[in-house]
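Everything below concerns the one structure shown next.
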Number of protein chains: 2
Amino acid sequence: MMRTATLKSISKATGFSVTTVSRALGGFDDVNDDTRRIILEEAQRQSYEPNLQARLLQGMRSQTIGLIIPAYGPRFSDPFFSQFVAGVGNQAAIAGFDLLLSTHAPTPDELDTYRRMVAGRRVDGLILSRTRLHDARIEYLAQTTMPFVVFGRTQTPADYVYIDVDGYQGQAELTEHFISLGHQRIAYITPPQYLTFSYFRMQGFQDAMARHGLSIPTDYVVEGDLTESSGYAAASTLLQLENPPTVIMTGNDLMALGVISYALNRGLRVGDELAVGGFDDIPPAEHVHPGLTTMHQPIYQIGQHLTQALLDLIEKKPSDQRGILMPPKLIVRGSSGEVRPNKRG
Amino acid sequence: MMRTATLKSISKATGFSVTTVSRALGGFDDVNDDTRRIILEEAQRQSYEPNLQARLLQGMRSQTIGLIIPAYGPRFSDPFFSQFVAGVGNQAAIAGFDLLLSTHAPTPDELDTYRRMVAGRRVDGLILSRTRLHDARIEYLAQTTMPFVVFGRTQTPADYVYIDVDGYQGQAELTEHFISLGHQRIAYITPPQYLTFSYFRMQGFQDAMARHGLSIPTDYVVEGDLTESSGYAAASTLLQLENPPTVIMTGNDLMALGVISYALNRGLRVGDELAVGGFDDIPPAEHVHPGLTTMHQPIYQIGQHLTQALLDLIEKKPSDQRGILMPPKLIVRGSSGEVRPNKRG
DNA sequence: CACAGTATCCGAAACGTTTCGGAATTGTCT
DNA sequence: AGACAATTCCGAAACGTTTCGGATACTGTG
């Protein structure tokens with residue numbers, strides 16, 4: 001059981017003051033070369049490592065960025081977040097930063113988790129994801145000196161760096177893809193309405209339908225919570241309607257997988273009897289049968305970019321970049337089915 | 001820009017000493033109920049959050065566990081680690097612990113990263129993975145008071161908690177699976193030999209072959225580095241031999257995916273002209289075409305269990321459990337092919 | 001009324017680091 | 001010789017918290 005080395009222990013061993021030891025190790029130029037050599041040797045001998053807590057107490061950097069995953073229940077297994085974490089973590093690692101991961105449900109006391117990170121000075125910066133139309137986290141952080149970047153937009157007026165994918169345009173494009181295949185009865189499983197991306201995508205869906213003179217029955221829109229099982233449940237509701245849809249689009253791929261799984265259980269031929277469209281393009285979307293037609297979001301790259309932007313912010317590198325809006329890309333797979341004869345909807 | 005609240009600021013506002021404020025908030029019973037109420041209200045008003053660094057400096061818990069991923073280059077994207085991180089992260093989240101992620105290549109100065117975590121008191125415990133036969137990290141941590149648990153065994157004699165999957169038995173079982181299908185020319189792409197699991201699996205492979213009177217040509221064993229591209233490269237070497245193997249087994253699924261990808265590029269029918277076997281059973285193994293025969297390891301669950309064991313260790317809950325050895329499970333998929341007529345090998 | 005016992009509070013030290021301001025020594029220039 | 005600058009070092013304060021060892025005042029008891 002070794003005594004942990006401190007500045008004091010080195011000071012005692014070498015006869016120099018704690019201040020001098022600190023400055024020698026810190027690379028300051030007001031210490032004699034011989035002195036520095038002696039101190040460095042002793043530090044080496046004791047295998048000294050500075051105490052990070054004490055350093056931070058002085059207001060120094062923690063070389064750590066924080067990522068709080070907002071979800072009901074632990075959600076590290078969600079491929080969406082896996083990819084996002086991978087992008088963030090890898091980029092942080094390159095810069096020598098560690099990654100502090102935490103989860104919290106989007107409940108009122110969620111802010112406490114953020115406060116803990118900020119006031120506790122545990123991290124040098126934060127990455128937010130899954131923004132809400134009205135986002136208290138952003139309001140809070142904007143009042144703070146803590147640097148942060150955001151995946152997604154919000155209607156909260158505040159000045160911050162974000163990257164988002166154009167959900168309006170994306171959902172409209174996907175909708176028109178199905179319309180062009182001859183579909184008219186298109187249903188949509190939407191994520192909770194308070195989420196920003198949910199709002200934009202709904203708009204895109206509605207406008208695209210309207211542009212083509214198609215109506216959306218009210219019971220064709222069902223809310224899910226982004227999990228596979230909620231997609232399964234919603235599909236069950238939709239497909240037992242008197243006049244069921246021929247297409248089900250969902251707010252994310254995970255729910256689409258649930259839809260496919262329900263359809264297969266019901267013995268429906270996906271692509272043929274029921275077309276399905278997702279959003280995200282997570283890896284399983286490619287491998288499921290039939291393949292899932294979806295809008296591709298470069299989640300991993302967004303994680304990387306956001307992290308780099310955050311690191312720049314932490315380093316106070318000047319940049320006038322505030323928001324980036326990326327277009328998603330339509331990926332057509334088997335779940336789209338073939339062009340169908342234009343029979344009455 | 002708000003002033004951050006501290007014990008001192010609350011002390012100043014209420015007129016009570018810092019000590020009393022600390023004890024009131026800490027829930028000690030030597031403070032008057034009225035006093036406590038006043039202090040709590042003021043703390044609320046200032047939205048006080050304790051400074052974690054200062055607390056840690058007193059030797060308290062950081063409510064954080066550390067996970068250092070040993071890999072060349074950032075490797076968060078590796079499905080193996082994704083799953084492991086998910087298991088660890090979710091279990092930690094349930095207990096209210098955060099997760100500190102870091103990566104480091106298994107180079108000599110890798111230990112510095114561990115020292116930083118330990119001496120800097122950044123975490124309350126550490127999770128190690130991908131053990132080596134002779135593992136300096138374990139030697140180091142054993143000298144320390146830092147609690148730690150390990151995914152994998154080692155030959156280093158030390159007393160520690162670990163979970164491992166029986167690679168000897170697993171590789172032997174997989175080998176015999178292919179032998180039972182009529183194969184005799186079986187090649188193996190091994191991970192770097194200094195890794196413990198690599199060692200055990202090689203033994204399992206060799207013993208199984210010996211039991212059935214089959215020999216392993218020296219050029220049938222190639223070393224890979226666990227990445228998909230190294231599997232691709234190794235497959236290229238193996239399949240260009242004068243007398244190529246009819247089966248390629250690999251040290252992990254990622255390399256097996258590389259093998260399949262090479263085989264498909266060469267126009268070989270996987271399963272038919274070349275059988276492939278992996279190890280791990282990561283999600284893509286199920287979705288690739290043809291499906292990958294592999295030994296299933298419950299990586300996610302291992303992450304959960306290890307984390308719980310670590311948390312118990314941190315809480316100093318008594319336990320006599322030291323090591324668990326789990327059997328992997330054979331998963332047969334399309335890459336095995338059919339039983340083949342017993343033509344000369 | 002003296003005493004112990006209890007309830008309530010607080011000063012000061014400690015954790016390990018950084019940094020401000022200055023002190024001591026030596027050398028350099030008129 | 002005196003003034004001045006450069007070099008090298010250090011004491012003390014600060015960061016925000018916890019905790020030890022009392023201090024004070026109030027209660028009830030005999």
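Below, each value reflects all heavy atoms present in this structure, side chains not excepted, and no hydrogens, waters or symmetry copies.
- Of the candidate nucleotides dT18(C), dC15(D), dT17(D), dC15(D) has the atom nearest to the side chain of Leu57(A).
- Met60(A) has its CE atom 17 Å from the C1' atom of dG16(D), to the nearest Å.
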Pairs under 3.5 Å (N/O, protein and nucleotides 6-10 of chain D):
unit_1: dT8(D); atom_1: OP1; unit_2: Asn32(A); atom_2: ND2; d: 3.2
unit_1: dC9(D); atom_1: OP1; unit_2: Thr35(A); atom_2: OG1; d: 2.7
unit_1: dC9(D); atom_1: OP2; unit_2: Asn32(A); atom_2: N; d: 2.8
unit_1: dC9(D); atom_1: OP2; unit_2: Thr35(A); atom_2: OG1; d: 3.1
unit_1: dC9(D); atom_1: N4; unit_2: Asp30(A); atom_2: OD2; d: 3.0
unit_1: dC10(D); atom_1: OP2; unit_2: Ser17(A); atom_2: N; d: 2.9
unit_1: dC10(D); atom_1: OP2; unit_2: Ser17(A); atom_2: OG; d: 3.3
unit_1: dC10(D); atom_1: OP2; unit_2: Thr20(A); atom_2: OG1; d: 2.8

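- Using modelled atom types, one finds a donor on one side chain and an acceptor on the other under 3.5 Å when comparing Thr64(B) with Arg122(A).
- Between the side chains of Glu139(B) and Gln143(B), no donor N or O sits under 3.5 Å from an acceptor N or O.
- Protein atom CG of Asn51(A) is 17 Å distant from nucleotide atom P of dA14(C), rounded to whole Å.
- Distance Lys12(A) NZ to dG16(C) C1': 13 Å, rounded to the nearest Å.
- Checking the phosphate oxygens (OP1, OP2) of dT17(D), no side-chain nitrogen or oxygen of Ser22(B) falls inside 4.0 Å.
- As rounded to whole Å, 17 Å separates atom P of dG16(C) from atom CZ of Arg122(B).
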For this session: Check the pair Tyr114(A), Thr144(A) against side-chain contact (heavy atoms from CB on, under 4.5 Å), reporting the backbone distance first and the verdict last.
Result: CA-CA 11 Å; Tyr114(A) 285 83; Thr144(A) 293; over 6 Å; no
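- Lys8(B) places its NZ atom 16 Å from the C1' atom of dT18(D), with the value rounded to the nearest Å.
- No cation-pi contact links Arg137(A) to Phe148(A), judged by a cut-off of 6.0 Å to the six-membered ring centre and 45° from its axis.
- A distance of 9.0 Å separates CG in Leu100(B) from CG in Leu67(B), rounded to the nearest 0.5 Å.
- Rounded to a whole Å, the CD atom of Gln58(B) is 14 Å from the P atom of dT17(C).
- Put simply, CD on Gln53(A) is 15 Å from C1' on dT18(D), counting in whole angstrom units.
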Write out a two-atom table: protein N or O, nucleotide N or O from nucleotides 23-28 of chain C, distance below 3.5 Å.
none

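- Checking side-chain atoms of Ser102(B) against main-chain N and O of Asp98(A) turns up no donor-acceptor pair under 3.5 Å.
- Not counting sequence neighbours, the partners of Phe151(A) by the ring-ring contact (aromatic ring centres under 6.0 Å, His included) test are Phe84(A).
- For Leu56(B) and dA14(C), the CG to C1' distance is 15 Å, given to the nearest whole Å.
- At a cut-off of 3.5 Å, with distance as the only test, a side-chain donor of Gln46(A) or Glu42(A) sits close to an acceptor on the other residue.
- With Gln53(B) contributing its side chain and Gly120(A) its backbone, the two residues share a donor-acceptor pair below 3.5 Å.
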